[in-house]
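In this chain, residues are counted from 1 in sequence order. Hydrogens, waters and symmetry mates play no part in the numbers below; they use all other heavy atoms, side chains included.
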Amino acid sequence: MAKSRHRWHRRAACVAVIQGTRKKMFFAEIKRLSNLLLSDEDDIVQRDWAGCYGRPRKLIAKRTVPYLMSIRKQAPRLVLRTACETLPAGTRKKILAKPS
């Protein structure tokens with residue numbers, strides 16, 4: 001569904017993993033989904049993708065923060081802001097800083 005032409009199918013791909021993220025599951029799937037949707041220009045898909053990806057950051061921050069750092073040059077600002085909104089201020093500032 002993440003490769004669909006329809007925005008709602010791409011959005012559904014993000015929402016489908018939410019329950020599992022609360023149980024510390026699906027990190028590999030979320031990462032794969034993130035890579036597929038990295039260049040998606042639809043703001044609704046971006047928000048849901050970042051929200052979906054952002055949920056496990058509290059649970060498995062050791063894995064999510066390095067991934068966010070690795071995609072910050074390519075990821076839309078909206079995605080980074082949404083994914084970082086509940087991170088500690090210092091970590092959020094580091095991820096949102098303009099890459100050199």
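- Residue Asp40 holds its CG atom at 12.0 Å from OG of Ser34, rounded to the nearest 0.5 Å.
- Annotation: side chain to side chain donor-acceptor pair (under 3.5 Å) contacts of Asp43 (sequence neighbours excluded): none.
- Judged as a side chain to side chain contact (heavy atoms under 4.5 Å, CB included), and not counting sequence neighbours, the contacts of Thr91 are Val65, Leu87, Pro88, Ile95.
- The closest donor-acceptor contact from the side chain of Gln74 to the backbone of Leu38 lies at 3.5 Å or more, if one exists at all.
- One finds the NZ atom of Lys3 at 16.0 Å from the NE2 atom of His9 (value rounded to the nearest 0.5 Å).
- Clustering ILVMFWY residues whenever any of their side-chain heavy atoms sit less than 4.5 angstrom apart, transitively, puts Ile71 in the very cluster that holds Leu33.
- At a threshold of 4.5 Å between side-chain heavy atoms, the hydrophobic network of Ile, Leu, Val, Met, Phe, Trp and Tyr places Met69 and Tyr67 in one connected group.
- Hydrophobic cluster membership of Ile44, counting Ile, Leu, Val, Met, Phe, Trp and Tyr whose side-chain heavy atoms lie under 4.5 Å apart directly or via other members: Trp8.
- For Arg77, the side chain to side chain contact (heavy atoms under 4.5 Å, CB included) partners are Arg81, Leu96, not counting sequence neighbours.
- Between Glu85 and Arg92 the shortest heavy-atom distance is O-NH1, 3.4 Å.
- Under the 3.5 Å distance criterion, the side-chain polar atoms of Arg10 are left unmatched by any main-chain donor or acceptor of Val45.
- Remark: Asp48 CG to Leu37 CG distance equals 10.0 Å, nearest 0.5 Å.
- One distance of note links CD of Gln46 with OG of Ser39; it measures 9.5 Å at 0.5 Å rounding.
- Contacts of Arg7 classified as side chain to side chain donor-acceptor pair (under 3.5 Å), with partners at least two apart in sequence or in another chain: Asp42.
- Of the inter-residue distances, the one linking Thr64 atom OG1 with Lys31 atom NZ reads 11.0 Å to the nearest 0.5 angstrom.
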